[in-house]
**Q** 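This structure is in structure tokens; I'll ask about it shortly.
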Protein chains: 2
Amino acid sequence: MSAPKLLLVEDDMALAELLEYRFENEGYDVRVTADGEEAMVMAAENAPDLVILDWMIEGISGIEVCRRLRRNKETAHVPIIMLTAREGEDDRVRGLETGADDYVTKPFSPRELLARVAAVLRRVRPALAGEAIEAGDLRLDPVAHRVERRGRQLQIGPTEYRLIKFFIEHPRRVFSRNQLLDAVWGNGSEIEERTVDVHIRRLRKAIAIDNARDPIRTVRSAGYALEPV
Amino acid sequence: MSAPKLLLVEDDMALAELLEYRFENEGYDVRVTADGEEAMVMAAENAPDLVILDWMIEGISGIEVCRRLRRNKETAHVPIIMLTAREGEDDRVRGLETGADDYVTKPFSPRELLARVAAVLRRVRPALAGEAIEAGDLRLDPVAHRVERRGRQLQIGPTEYRLIKFFIEHPRRVFSRNQLLDAVWGNGSEIEERTVDVHIRRLRKAIAIDNARDPIRTVRSAGYALEPV
DNA sequence: ACAATTCTGACGCAAATTTGACATATGACA
DNA sequence: TGTCATATGTCAAATTTGCGTCAGAATTGT
């Protein structure tokens, strides 16, 4: 459910299968393709959390895939790890320039790649790496599916959980009700805008504790934001 | 019964016998073969818990055996320890690249290998190392195949045993019904998701004792987790 | 004070979980 | 081999929990 989704673009089938097994064993949700064009389609459909991209693949080159991913608004921020057989400084630089977040030089051990993936995810989206995320006195443990405030467990429903998780991942930023509907409820949800208010209220009630101040700020005619202490 | 099953692939007969003796003495269930092809067959039939693999063996090479083991879904997750006479970094990397979990360089003392085996087993599946595992007031003895709570034996069925064993090995973590099906029932089991609920209920009934609190947490729309006291 | 916006409590519905029951499968033992 | 006891997977009813909507009350900005 909350397994990080990887997209592996690799045309060495033996390597691809090996990696697929290892990553699935570590709890990732892996899709594989050998083709650059197909990779674009899969990235658009599946919204992966991270892309592992071989430099040399059939069809359009890895670097071109990288560029196109960055150009598309949907996938612009997806972290990318490049696999490259070359060791030249040029390629390395070009890879990072094009927007790759990290690169691994062949030959490499799956363990090393696993470590890099975990590191990048931890940096970009800690919750996906299974790490607890926090904002102010709020702390959310994605593995245990729990939220606590000042060490005390909060009793919280599924929707409120997703809502506060989103807020903690993007603190201080104001989101309109529609943005929240997209992010928390999923795209194209046909839900009344006002419903967000109700869930904000439920969330406020759930995190109210020790009569501490309410960290959720209402921005009139704009939306809501989480203001950590 | 629950002795860890080792598969030793080694063509130096003297060494093989020595190791076999030592490991059996330590309570392992050891099979030996000198041939790579045969090793594949034995691995498929016997489902070993760990494979000790000599780099240089007759027939297909050790590294090839390693690759094939990984490729086969049945044996993809079996930990592998490589034995190698070489010390070059290249081989080391190539061994790990193929998916070995550890390697030992010849010459080595049997004691060292024993330690590595125990370490790998402990890391991968603590229960296989023969150690009792516990979480809160629950205690599971993998050797005796029993579970007790506060010193009292629990009467528990096979499926519930595997279920709670998995939970104790991964406490506090939430698992979806599908993850539990994969982990407890085995890969690709075509079992109804709702069946998990029933076994959770049976497990709850089995571990209910002294009207102690139920340590299994239901996480609505996510799955279940074990919350040790 | 007025209009726009947000908050709040209530309510019916829907979805998810729990529970009891049942038919079948499995294994031990005579 | 047949019998008995236990275990297993599925189903449907019962129950719990959460969700989305509404409308009146309260608040905010001008």
Side-chain angles (χ1 to χ4, degrees), chain A residues 1-2 145-147 153-167 174-208 213-227, chain B residues 1 145-147 153-167 174-208 211 213-227:
Chain A
M1 182 105 296
S2 83
H145 241 258
R146 308 205 96 137
V147 187
Q153 297 279 351
L154 303 180
Q155 189 169 350
I156 215 168
T159 306
E160 282 70 52
Y161 174 83
R162 275 178 282 134
L163 189 55
I164 198 175
K165 181 172 166 198
F166 180 71
F167 273 129
V174 179
F175 296 98
S176 72
R177 293 173 174 75
N178 267 317
Q179 286 177 306
L180 290 173
L181 281 176
D182 276 0
V184 176
W185 274 258
N187 293 33
S189 64
E190 310 254 333
I191 287 179
E192 199 60 37
E193 245 193 3
R194 292 275 130 227
T195 300
V196 176
D197 300 23
V198 179
H199 282 279
I200 289 284
R201 172 176 152 274
R202 286 172 180 157
L203 177 56
R204 277 174 166 152
K205 185 178 285 184
I207 66 179
R213 92 172 169 78
D214 176 15
I216 297 175
R217 181 161 66 103
T218 301
V219 183
R220 199 178 170 83
S221 75
Y224 299 94
L226 176 69
E227 299 288 340
Chain B
M1 178 104 294
H145 230 257
R146 327 201 91 133
V147 187
Q153 291 281 349
L154 302 180
Q155 188 169 351
I156 213 169
T159 306
E160 282 70 50
Y161 174 82
R162 275 179 280 133
L163 190 55
I164 199 174
K165 181 172 163 199
F166 181 71
F167 272 130
V174 177
F175 296 97
S176 70
R177 293 174 174 74
N178 267 317
Q179 287 177 307
L180 290 173
L181 281 176
D182 277 359
V184 175
W185 274 259
N187 291 32
S189 65
E190 308 256 334
I191 287 179
E192 199 61 36
E193 245 191 3
R194 293 273 129 234
T195 300
V196 175
D197 299 23
V198 178
H199 282 278
I200 289 283
R201 172 172 155 275
R202 287 170 180 158
L203 177 56
R204 276 175 166 151
K205 186 177 283 185
I207 67 179
N211 55 29
R213 91 173 170 78
D214 175 15
I216 296 175
R217 178 164 71 110
T218 302
V219 182
R220 189 162 244 254
S221 79
Y224 298 95
L226 176 68
E227 297 291 333

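Worth knowing before you read on, the calculation uses all heavy atoms, side chains too, and leaves out hydrogens, waters and symmetry mates. Sequence lines set the chain letters: A, B, ... in the order given, protein chains first and strands last, and positions in each chain run from 1. No experiment lies behind these values; they were computed from the predicted model shown.
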**Q** Please give, in whole Å, the distance from dG18(D) P to Leu203(A) CG?
**A**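 Going from CG in Leu203(A) over to P in dG18(D) covers 14 Å.
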**Q** Mind checking the CG-CD1 spacing from Leu203(A) to Ile164(A)? Nearest 0.5 Å is all I need.
**A** 5.0 Å
**Q** In whole angstrom, what separates Glu160(B)'s CD from dT6(D)'s P?
**A** 15 Å
**Q** Starting from P on dG20(D), measure out to CG on Leu163(A) and report it in whole angstrom.
**A**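 Going from Leu163(A) (CG) to dG20(D) (P), I get 11 Å.
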**Q** Is the phosphate of dG20(D) approached by Trp185(A) (side-chain N or O, under 4.0 Å from OP1 or OP2)?
**A**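 Yes.
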**Q** Only one of Arg217(A), Arg177(A), Gln179(A) passes side chain to side chain donor-acceptor pair (under 3.5 Å) with Tyr224(A); say which it is.
**A** Arg177(A)
**Q** Is any side-chain nitrogen or oxygen of Thr195(B) closer than 4.0 Å to OP1 or OP2 of dT10(D)?
**A**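 Yes.
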**Q** From CZ of Arg220(B) over to P of dT17(C), roughly how many Å is that when rounded to an integer?
**A** 6 Å
**Q** Ile191(A) has an atom CD1; how far is it from atom P of dG18(D), in whole Å?
**A**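 Computing the Ile191(A):CD1 to dG18(D):P distance gives 17 Å.
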**Q** Would you say CD of Gln153(A) has more than 12 non-hydrogen atoms from neighbouring residues, nucleotides or ligands within 6.0 angstrom?
**A** yes
**Q** Do other residues, nucleotides or ligands put more than 12 heavy atoms under 6.0 Å from the CZ atom of Arg162(A)?
**A**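 Atom CZ in Arg162(A) is crowded, with more than 12 foreign heavy atoms closer than 6.0 Å.
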**Q** Is there a donor-acceptor pair under 3.5 Å between the side chain of Arg204(B) and the backbone N or O of Ile216(B)?
**A** yes
**Q** Of Glu193(B) and Gln155(B), whose nearest nucleotide on DNA chain D comes first from the 5' end?
**A**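 Result of the comparison: Gln155(B).
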**Q** OP1 or OP2 of dT8(D) less than 4.0 angstrom from a side-chain nitrogen or oxygen of Thr159(B), does that happen here?
**A**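 Yes, such a contact exists.
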**Q** Identify which nucleotide among dC19(D), dG9(D), dT5(C) has an atom closest to any side-chain atom of His199(B), counting heavy atoms from C-beta outward.
**A** dG9(D)
**Q** Reading nucleotides 18-24 of chain C 5' to 3', which nucleotides get B (base under 4.0 Å from a protein heavy atom), which S (sugar-phosphate only), which -?
**A** BBBB---
**Q** With rounding to the nearest 0.5 Å, note down the distance linking CZ in Arg201(B) to CD in Glu160(B).
**A**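 These two atoms lie 10.5 Å from each other.
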**Q** Could you state the atom-to-atom distance from OH of Tyr161(A) to P of dC19(D) in whole Å?
**A**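 Result: 14 Å.
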**Q** Using five base pairs at each end to define the local axes, how bent is the helix from dA1(C)-dT30(D) to dA30(C)-dT1(D), to the nearest 10°?
**A**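 Both end axes considered, the difference amounts to 40°.
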**Q** Determine the interplanar angle of the Trp185(A) and His199(A) rings, folded into 0 to 90°, and report it as parallel if under 30°, tilted if 30 to 60°, perpendicular if over 60°.
**A** perpendicular
**Q** Considering all heavy atoms of both residues, which atom of Val184(B) and which atom of Thr159(B) are nearest to each other, and what is their separation?
**A** CG1-O, 4.3 Å
**Q** Return the minimal non-hydrogen interatomic distance between Ala206(B) and Ile156(B), and the atom names on each side.
**A** CB-CG1, 4.1 Å
